[in-house]
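A short worksheet on the structure shown next.
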Amino acid sequence: MKKTLNLIFTSLLLMIFMNSCTEKELISVATIPADGSFLVSPSATAIELIKPGAGTHTAISFTWDTIVYGVSTPTSFTLQMDSLNGDFSTSIEDVISTNTFQIAFTDSVMNFRALKLNLKPFIPGQIKVRLKANLAYNNLPVYSTVVPVTVTPYDDGLMYKMPATLYLQGDAVVSNGTFPIPDAQQMVKVDNHRFALLVLLTGGKHFTFSSSAAAISDPSYKAATASEPINGGNFIPSGTQSTPPNAGSDILSPAVNGIYKVIVDFKTGIYSVNKAPGLIASPASLYMVGDATALGWAAPNATQKFTQTDANTFIITLPLIGGKKYDFITTATTWSDPAYKGATNAEPPMGGNFIASGASTVPAWGGSDIIAPAASGTYKITVNFKSGTYVLTQ
């Protein structure tokens with residue numbers, strides 16, 4: 001029995017030794033390909049990443065041929081991505097299964113990597129890619145040629161890139177599809193993700209959004225489908241470079257002619273169209289009044305007077321008492337007719353919609369006092385009469 005166990009133990013040692021020698025012998029006779037002697041091929045050399053469907057849509061793939069070391073030991077691959085000025089010492093790496101000669105990345109994965117490599121959202125920038133090959137245990141590594149790829153990432157906070165300007169155009173608005181688009185149809189940039197406008201719409205007609213007054217822009221922005229709800233829905237970029245190209249439908253206006261507030265939100269990819277009491281004429285001057293201010297409901301003075309920055313925009317920076325109320329008036333008296341109040345009693349604390357409120361408005365003396373944010377502090381308040389919106393920032 002002891003002799004048999006010794007024989008088995010000796011056989012195992014011999015097998016381990018032979019296997020070790022075989023591996024070393026294979027490595028010693030392998031032919032090392034020269035760096036750059038093999039290629040990694042991207043499916044595209046320039047890509048613009050899209051947020052909708054980012055987790056499922058393939059943004060780019062890479063393929064390569066097998067590497068010949070002259071031995072039968074399996075070859076492993078690692079795809080490396082780095083910034084244009086990087087040296088691959090801190091590259092982003094993907095180890096690829098043996099005998100696999102391609103790898104693909106979705107928009108969301110590539111977007112994360114592009115931002116990590118310091119590319120800026122919505123601005124084309126370059127990264128570089130190379131393939132590392134090696135035998136078992138990282139023996140005899142060799143590298144492909146370096147391939148530059150231009151990537152335009154998106155902003156994770158925005159569904160679509162925010163244009164500098166935005167206009168309404170179509171047969172539902174006064175221009176009736178003609179150019180140039182009049183200033184009355186230029187939307188107001190409310191904040192870093194929304195445009196808004198009070199506008200007269202003709203019932204049962206159509207409109208789209210254009211970033212140019214001279215012609216329909218490429219892309220323009222349309223309803224995602226022909227069945228979006230009348231009071232708003234999803235929109236998409238629509239142009240020759242959009243995915244898919246020239247998709248979407250013109251937006252159908254509500255059935256009844258009237259003044260509507262149209263809001264386009266590039267953070268959510270949603271537009272809204274809601275009936276409004278009317279256009280709001282811009283006053284000659286504007287003041288803050290209310291118990292959220294230092295002077296309470298008493299007549300305001302110069303410290304609570306807005307600065308007018310253009311025909312429709314007024315700005316002021318002042319301390320507010322948290323949770324208290326305020327309104328906007330047009331004279332340095334206790335009240336004005338009209339004054340301007342929150343459109344509802346539930347406007348968001350950092351900004352919302354306002355309406356004219358007076359004896360002749362519809363409804364007369366409508367609206368609600370605006371409630372300041374819960375935290376007392378100094379706020380910058382921007383009021384725009386073309387869009388009927390106010391925004392608070394700190």
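Both backbone and side-chain heavy atoms feed into the values below; hydrogens, waters and symmetry mates do not.
- Here OG1 of T389 is found 7.5 Å from CD1 of I263. Values are rounded to the nearest 0.5 Å.
- Taking both residues in full, the closest heavy atoms of V146 and R130 are given as CG2-CB, 4.2 Å, listed atom of the first, atom of the second, then distance.
- When all heavy atoms of L115 and D156 are compared, the pair lying nearest together is CD1-OD2, 4.5 Å.
- Between the side chain of T334 and the main chain of A299, no donor-acceptor pair closer than 3.5 Å is present.
- For the residue pair T313 and Q308, no side-chain donor N or O sits within less than 3.5 Å of a side-chain acceptor on the partner.
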Query raised in the report: Between D87 and S89, is a side-chain hydrogen bond (donor to acceptor under 3.5 Å, both in side chains) present by the stated rule, with each step listed?
Result: CA-CA 5 Å; D87 60 3; S89 60; 2.5 Å; yes

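- Contact check on D94 versus R113 returns a salt bridge, with a Lys/Arg side-chain nitrogen under 4.0 Å from an Asp/Glu carboxylate oxygen.
- Checked against a 6.0 Å centroid threshold, the rings of Y390 and Y340 do not count as neighbours.
- A donor-acceptor pair shorter than 3.5 Å cannot be found between the side chains of K222 and N246.
- The aromatic ring centres of Y160 and Y154 sit 6.0 Å or more apart.
- Taking the ring centre of Y260 as origin, the terminal cationic atom of K275 falls inside the region bounded by 6.0 Å and 45° from the ring axis.
- In summary, the aromatic rings of F266 and F235 are positioned with their centroids under 6.0 Å apart.
- How far CD1 of I96 is from CG of L79: 5.5 Å, rounded to the nearest 0.5 Å.
- Qualifying ring-ring contact (aromatic ring centres under 6.0 Å, His included) partners for F314, counting only residues two or more places apart in sequence or in other chains: F385.
- Centroid-to-centroid, the aromatic rings of F77 and F101 come within less than 6.0 Å.
- Salt-bridge check for D107 with K51: failed, with every basic side-chain N at 4.0 Å or more from each acidic carboxylate O.
- Side-chain contact between T307 and I316: absent, with no pair of heavy atoms (C-beta onward) separated by less than 4.5 Å.
- Under the side-chain hydrogen bond (donor to acceptor under 3.5 Å, both in side chains) test applied with Q169, the options S212, S175, S210 reduce to a single match, S175.
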